[in-house]
Undergrad: 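Could you have a look at this structure, given as C-alpha cells, before my questions?
The sequence lines fix the lettering, A, B, ..., with proteins before strands; numbering per chain opens at 1. In this text, all values refer to a predicted model and were calculated from it rather than measured experimentally.
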Amino acid sequence: MNIYADIRGLVIDALAALEGEGLLPAGLDLANVAVEPPRDPLHGDMATNAAMVLAKPAGMKPRDIAGALAEKLRSDPRIVEADVAGPGFLNLRLDPSVWADVVRAVLGQGGAYGRSEMGKGQRVNVEFVSANPTGPLHVGHTRGAVFGDALAALLDFSGHDVTREYYINDGGAQVDVLARSVYLRYLEAHGREVAFADGTYPGDYLIEVGQALKDKVGDAYVDQPEDVWLVAVREFATDAMMALIREDLAALGVEIDHYFSEKSLYGTGRIEAALAALDAKGLIYEGVLEPPKGKLPEDWEPREQTLFRSTEHGDDVDRPVKKSDGAWTYFAPDIAYHFDKIERGYDALIDVFGADHGGYVKRMKAAVSALSDGRVPLDIKLTQLVKLYKNGEPFKMSKRAGTFVTLRDVVDLVGPDVTRFVMLTRKNDAPLDFDFDKVLEQSKDNAVFYVQYAHARVKSVLRKAAAAGIAVDDATLAGADLSAMTHESEIALARKVAEWPRLLEIAARTHEPHRIAFYLYELAGDLHALWNRGNDSPELRFLQEGDPATSQSKIALARAVSVVISTGLGILGVTPVEEMR
RNA sequence: GGCCCCGUAGCUCAGCAGGAUAGAGCGGUCGCCUCCUAAGCGACAGGUCACAGGUUCGAAUCCUGUCGGGGUCGCCA
C-alpha cells in the first residue's frame, strides 16, 4: 500500500473527470502533478500542486482549477478537507481511518511493505568494488562495496532484476608487479634474503602466498628467469588475491553474482570486436590529440594514436584506445567489458567508482552511448573519500597491510552492521568521516545505535505484552481496533510509516540508498518521541495494564514501525537487534 | 588552464520530479526519571542556502558567470 500513490491516483481521476465535463481542456499532461507531504503539518496531510502545474497549459487561473478539483475530491470518503491555499496549493486532510488502514496494511504485508513494481521487467547491472586483485580491500573499497550492495538491494526491492558484478582488473601491468612481489616472498620462504624494490608490493599479506607457492611447486622457480615462472605465478597470485577479496566481501556481507575477468578479453578477439563495432559507426580513427589546455606535461609530444571519437557522444576530447607501442590502453578492455554488458541485454547499467575515477565518467558514458546507440543508460556513481578517526586523531595505518587501513580492520573493530550503516549516513558524493569511537557510542548522535534502539524498544514491548498474556502476533494486531489512534504523536508516526513506499521510490529513482538511512533515523526519532510521551501521559503507552484491546491497538502501530525499520535495515544489509545490551 | 564534485546554523550534515515560514544531530540555555529501557524526550536561541545575473506564478533546488575547497587531466589501472 502506497497511500501517496493512491491519493495521487484519486487526484488524477478527478482531473480526468473535470476534463470529461469540459471544465478543463482535454489532453493535459499530468506527469508533473505531484502529491506530497506538506512542509508544515498544519497545512494538512497532503498537498497537490496540480492547479499550479496545469494553470498555464489549461489557460486558467490556478485557484479556479484548485477550487474545482477540491469540489471533486471532497466526494471521496478518505478526504475530509480540501482547501485552496497560497498560490494554488490544494491542501488535503485525510480521514484518520486512512492511517489506521496503513498500519493494518503494514502488518498484513510485513517485510513486503514498500515493495514496488517500478522496475518491473528491467534488468539492471550494478558493477562495484572492482578493485585490482593485488591486495586486501581497503576502506575506500568498503564504502564502494556497501554503497553498491545497498543500491542493488534497493533496486531489487523496487522490482528490478539486479545483477551484482565485479570487474577483475587482472589484465594489466599491476598483476605482473603482483607476481614479482609474490616471487620475492616465495624466495623468502626458501630462506633467501630479498629486497623489495620500488614498484613492488611489500605488504605482509603476500608472505603466506609466497609460502603457499613454495608448498605447491617446491623449488622449481628458484634461480629461474622470469619467463619461466611469471605467467604461472601471476595466475597463482591473482587467484590468491581474489580469494582474499571474496573473504573480505563475505565479512561485510556482500555477495557478488558475477565476477568478470579483464584477462578474458585479451587474445579472444573481444576487444577487437568491440572496437570494430565502434569502427563500423565511424567512431575510430588514427590521429593526433590536441595537447591538454593550459599547463603542458613536460614530456608532451604529439603522437599518432588510435582514437575513439567520444566527442560525438558528449565527451570533451577524443580518447586513445591504443598506446604508442600498439598495446591497448586500459580504456580498450573497459569498452569491451561494457560492450559485453550491453550484449547481455541489460536495460540499464550502473558503475560505482571511487571519486578519483571521476575523469573517466564522460568517456565511459560516451562508449556505452555509442555501443548501444543511446538505448542503454549508464549511471556512474562516485563514492568520495572516507576519513578515519580514532580517539579524535586521524587513523591511517594498518598492521596487516602495512600501508592502508583494510576493510578487515574496520569490520573487525566495529562489525559489519555498524560499518554498513555508517557508510550510508552520507551521500555517496560527499566525503565521510568515520570515527571508530563514535560509531560504537550509544547516544543519539550515533544513527546506527538510535535506529537499533527504536527497533529494540518495540521488541521489548512485544515481549512484555506477550508475558502479560496479550496476543501480539501480526495477524491479531492487524485485526485490532485502531480507531483510538488519534493523538498527534501517533498520527505523526503513522504518517511517517506511510511515507516509506514513497521514500523507496525516490531512493530507487535517484540511485541513492543513503536516503533510507536518513529516513530510518527520522522514523526512529518519531517512535522515541511517542515513547516518551508515555512518561507524562500514561494513556499513550503502548502497553496498557489490564486492557488487552487497547494495548493491541497501540502495539499495532509500534509493530508497524519495527517492520519498516527491519525492512529498511535489511535493504542496507544491516541486521536489526532484538534488544540492546 | 580543461573537466567533475562540493560550498546550507558555531561544528557535522539532510533537503524528496522547482512549492508555502529552509530541517536534523552535536555544541549552548532551560525543563522532564515512584512511570512499558532517561542509552531517551520537550522547549528556546542560532541562517544573506558562497556571490551575481537569468528562467519561472514560485529557485537552496534548473541555466550562465565569479569566488573558495577537493579530485582529475594522452604510452597507471
Undergrad: Which of the following nucleotides, B:rA38, B:rA14, B:rC3, is nearest to the side chain of A:Ala430?
TA: B:rA14
Undergrad: In this structure, how many angstroms lie between the C1' atom of B:rA14 and the OH atom of A:Tyr521, rounded?
TA: 11 Å
Undergrad: Considering only the C1' atoms, how many Å lie between B:rG42 and B:rA24, rounded to the nearest integer?
TA: 15 Å
Undergrad: Can you identify which nucleotide, out of B:rC6, B:rG74, B:rU37, has its nearest atom closest to the A:Glu579 side chain?
TA: B:rU37
Undergrad: Quick check for you: among B:rG15, B:rC36, B:rC16, whose closest atom lies nearest to any side-chain atom of A:Lys464?
TA: B:rC36
Undergrad: How long is the line joining NZ of A:Lys387 and P of B:rG71, in whole Å?
TA: 10 Å
Undergrad: Can you tell me how far C1' of B:rG25 sits from CD of A:Glu441, to the nearest Å?
TA: 12 Å
Undergrad: Check this for me: does the side-chain of A:Asn91 come within 3.5 Å of the base of B:rA20 through a donor and an acceptor?
TA: yes
Undergrad: Is the base of B:rC49 syn or anti, where syn means the angle lies within 90° of 0?
TA: anti
Undergrad: Rounding to an integer number of angstrom, what distance separates B:rC63 and B:rG7 when you compare their P atoms?
TA: 14 Å
Undergrad: Using the ring of each side chain (for Trp, its six-membered ring), is A:Phe518 parallel, tilted or perpendicular to A:His514, with breaks at 30° and 60°?
TA: perpendicular
Undergrad: What is the distance, rounded to the nearest whole Å, between atom CZ of A:Phe421 and atom P of B:rG25?
TA: 15 Å
Undergrad: With a 3.5 Å cut-off and just heavy-atom distances, do the side chain of A:Arg515 and the base of B:rC16 make a donor-acceptor pair?
TA: no
Undergrad: Closest to the A:Lys323 side chain: B:rC76, B:rA38, B:rG71?
TA: B:rC76
Undergrad: Please state the C1' separation for the pair B:rG40 and B:rC33 - nearest whole angstrom.
TA: 10 Å
Undergrad: With respect to the side chain of A:Ile506, which nucleotide from B:rA17, B:rC26, B:rA38 is positioned closest?
TA: B:rA17
